[in-house]
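No experiment lies behind these values; they were computed from the predicted model shown. Below, read A as the first sequence line, B as the second, and so on, with proteins coming before strands; counting in each chain starts at 1.
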2 protein chains.
Amino acid sequence: MPTINDVARAAGVSPSTVSYVLSGRRPISAETRARVQAAIAELGFHPHAGARALASSKTNVLALVAPLRVDVNVPVIMQFATAVVTAARSFNHDVLLLTKDEGTAGLERVAHSTMVDALILMDIERDDVRLPAIRTLKQPSVLIGLPADHAGIACVDLDFEAAAALALRHLAGHGHRRIGLIGASPAVYRRQTTYADRFLAGFLRASHELELRTTTHPCEPGADGVRAALADLDTALPGLTALVVHNEEALRPLLDLLHAAGRRVPEDVSIVAVCPRDVATAMPVDLTSIDIPAHDVGTIAVETAMRLLDNRRVDFTRLLEPRLVERDSCREISPSHR
Amino acid sequence: MPTINDVARAAGVSPSTVSYVLSGRRPISAETRARVQAAIAELGFHPHAGARALASSKTNVLALVAPLRVDVNVPVIMQFATAVVTAARSFNHDVLLLTKDEGTAGLERVAHSTMVDALILMDIERDDVRLPAIRTLKQPSVLIGLPADHAGIACVDLDFEAAAALALRHLAGHGHRRIGLIGASPAVYRRQTTYADRFLAGFLRASHELELRTTTHPCEPGADGVRAALADLDTALPGLTALVVHNEEALRPLLDLLHAAGRRVPEDVSIVAVCPRDVATAMPVDLTSIDIPAHDVGTIAVETAMRLLDNRRVDFTRLLEPRLVERDSCREISPSHR
DNA sequence: TGATTTTGTCGAAGCGCTTCGACAACTGCC
DNA sequence: GGCAGTTGTCGAAGCGCTTCGACAAAATCA
């Protein structure tokens, strides 16, 4: 492996000049620059990351803390991760992958040992135990999610409260008055994962404001969980005409179940799903949905981290406006059914 | 951030002594060790990763090259990634996540700049363009998959040829003689992704040896793709009594389709799936399946990398024996149907 | 008891890079 | 023509750690 000294010798300059060619931090004449670059190319020189980190206190690495348990939502998590890695590369950074299981220890390990410049955390809970920890780190963090006490911490996410309101407004606009919510799995609520909490809060508030009859139910994974949830909703709110589904896993079994029961979508039941676009369109009925913009959220998270590293201004709370795409799962309800 | 010098001063020893306490490479008296460890704990000292990498030429980081496009198989990829990260941590290593999209450039970047000690590559193609590249790296690589020319490269995977044979033997043992294969998506075969290739090869060979009537068909994603594949299989081999499915995505639509057509599983059609256990048991019918042992494969890949780093012996080709678990999707066929 | 090995610690060199200060050679301006 | 500012380059220090050789003290052996 050639070093910067080898390059310097080959180009007939000092090592510092090579460094300045690389970083552009000082003016270098065109001829010298060309000679240096030729030497770099010829020797196949790549700066040693460790040496660079030691001298400059920058690693050009971001930590991504992902919930790697094989949980619900795997494809969505993957979308976030993909977006983060791609965006990081566009800023010439790499991504170190941590699991959420490691908890606080993992964060502190990579931060204290100066392996990363900044951290991006997913799957944030309402009172996430990691929050106190990241507040003490010298590296900046960006959360994908919105915990209760987020003062001074950069957060990015879809505005799930607004999303719930949007779903209800859409259905109300189509004449629906009795609407059920199929929520995330109980485990997700138990952890108080913020997107689920916030969606539910928005749902309840909008339901009240729009004067709708609604009921909500979490939903265990698997067909049986969906069956139970649906039964409970039907009991609590007989004659409901629409469902909001905030649970990717449940969509498929739900449609199967409705089909088996002879309840047509959208003729008998309208559905608004909250899920990635490709999930919505991979169902037997193309679902009217509110997209989870994983790509945008991941990209913005990285951009925010970069701005923080440059000491530039950032919006500490960045909630993306939800967008509803009409497809084939909602229909105008006739006044007689209202 | 305290440095090793701060620790040394606090403990009243030299920095090298602290280093030896940390690494255990030289004997240190119990009292000294205790003093040093107390100082480390009190100051909250964490060695600087870059400095360490520079001095020792070890980073304690593994690169994981994953196909992060949102493709088929997302949950399976996640299982591999989880296993790799967990196993890496158990060897005190972290994982740098690269996307396959970056191709050869990504590998060379992290290897040449000495960011990682070893690399683990997923989604290997028959004549993978990355192979020549990794052969030139000073860091060892471990492949999850088995390319055509794997001489001198460590490879770990399920033995997909044996898996295909096992599936056919199982069905033949139940009296089936006319069997169709629903394969991966055409894109996967086009790329000559090795697991698909090898499964197909094993299927054809075993079919011949067992003197079965078989036909095979790739399967586009989505319900329409499955419908087309099934129609083609029925045309090519009328009266088939069993299906082998090597395509997680296709399973659900396939079962729906069979159900809609009034073909019962297993009464009218037996099925053997090749997929992770949890996928097999999440279907309307619990599927007899051959597990894709993502966890074991990922763990072994990391172990192999570690052995390579220690210059210990490794099996360069490690193909895990497939295991078939009987569930509810296969049945003995009556002689009259044979 | 003297020679030899083992144990425990230290000092210094060096890993490969960035960055600061210095300085020579120009350029522009009154 | 003299002074101030640019431009372009160099040398040296230093980032925080590991590791090698040295060496004193203690343990082992003949």
Checklist entry - Hey, does A/T3 reach any base, or is it just sugar-phosphate, or nothing, if we go heavy atoms under 4.0 Å? => result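 It contacts sugar-phosphate atoms only.
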Next on the checklist: Using a 4.0 Å heavy-atom cut-off, does A/P47 contact any base of the nucleic acid, only the sugar-phosphate backbone, or nothing at all?
Outcome noted: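 Since only primed, P, OP1 and OP2 atoms lie under 4.0 Å of A/P47, the category is sugar-phosphate.
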OP1 or OP2 of [N] versus the side-chain N and O atoms of [X]: is any pair under 4.0 Å?
X: A/S23; N: C/dT19; result: no
X: A/T17; N: D/dC10; result: yes
X: B/S19; N: D/dT18; result: yes
X: A/S56; N: C/dT18; result: no
X: B/R26; N: C/dT9; result: no

Checklist entry - Considering only heavy atoms and no angle criterion, is a donor-acceptor pair shorter than 3.5 Å present between the side chain of A/Y20 and the base of C/dC20? => result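 Such a pair exists between side chain and base.
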Checklist entry - Any donor-acceptor pair under 3.5 Å between the side chain of B/S16 and the base of C/dG11? => result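 Looking at the base of C/dG11, it does pair with a donor or acceptor on the side chain of B/S16 (distance under 3.5 Å).
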[X] [atom1] to [N] [atom2]: how many Å, rounded?
X: B/K58; N: D/dT18; atom1: NZ; atom2: C1'; answer: 12 Å
X: B/I28; N: C/dT6; atom1: CD1; atom2: C1'; answer: 14 Å
X: B/N5; N: D/dC15; atom1: CG; atom2: C1'; answer: 11 Å
X: B/M1; N: D/dG16; atom1: CE; atom2: P; answer: 11 Å
X: B/D6; N: D/dG16; atom1: CG; atom2: C1'; answer: 10 Å
X: B/H48; N: C/dC15; atom1: NE2; atom2: P; answer: 18 Å
X: A/R52; N: C/dG16; atom1: CZ; atom2: P; answer: 15 Å
X: A/I4; N: D/dA12; atom1: CD1; atom2: C1'; answer: 14 Å

Checklist entry - Side chain of A/S14: nearest nucleotide among D/dG11, D/dT19, C/dT9? => result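 Selected nucleotide: D/dG11.
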Next on the checklist: If you only use heavy atoms from C-beta on, which nucleotide in D/dT19, C/dG11, C/dG16 is closest to the side chain of A/L54?
Outcome noted: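 In terms of side-chain proximity for A/L54, the closest of D/dT19, C/dG11, C/dG16 is C/dG16.
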Checklist entry - Do A/Y195 and A/T193 come close enough that some side-chain heavy atom pair is under 4.5 Å? => result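 Sidechains of A/T193 and A/Y195: in contact.
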Determine yes or no for a side-chain-to-main-chain donor-acceptor pair under 3.5 angstrom, with [X] supplying the side chain and [Y] the backbone.
X: B/T17; Y: B/V13; result: no
X: A/D310; Y: A/R307; result: no
X: B/R135; Y: B/G152; result: no

Checklist outcome for this item: Nearest-nucleotide check on DNA chain C, B/P15 vs A/F45; residue mapping nearer the 5' end is B/P15
Next on the checklist: According to side chain to side chain donor-acceptor pair (under 3.5 Å), does anything in residues 35-57 of chain A pair up with another residue at least two apart or in another chain? List the pairs.
Outcome noted: A/H46-B/H112
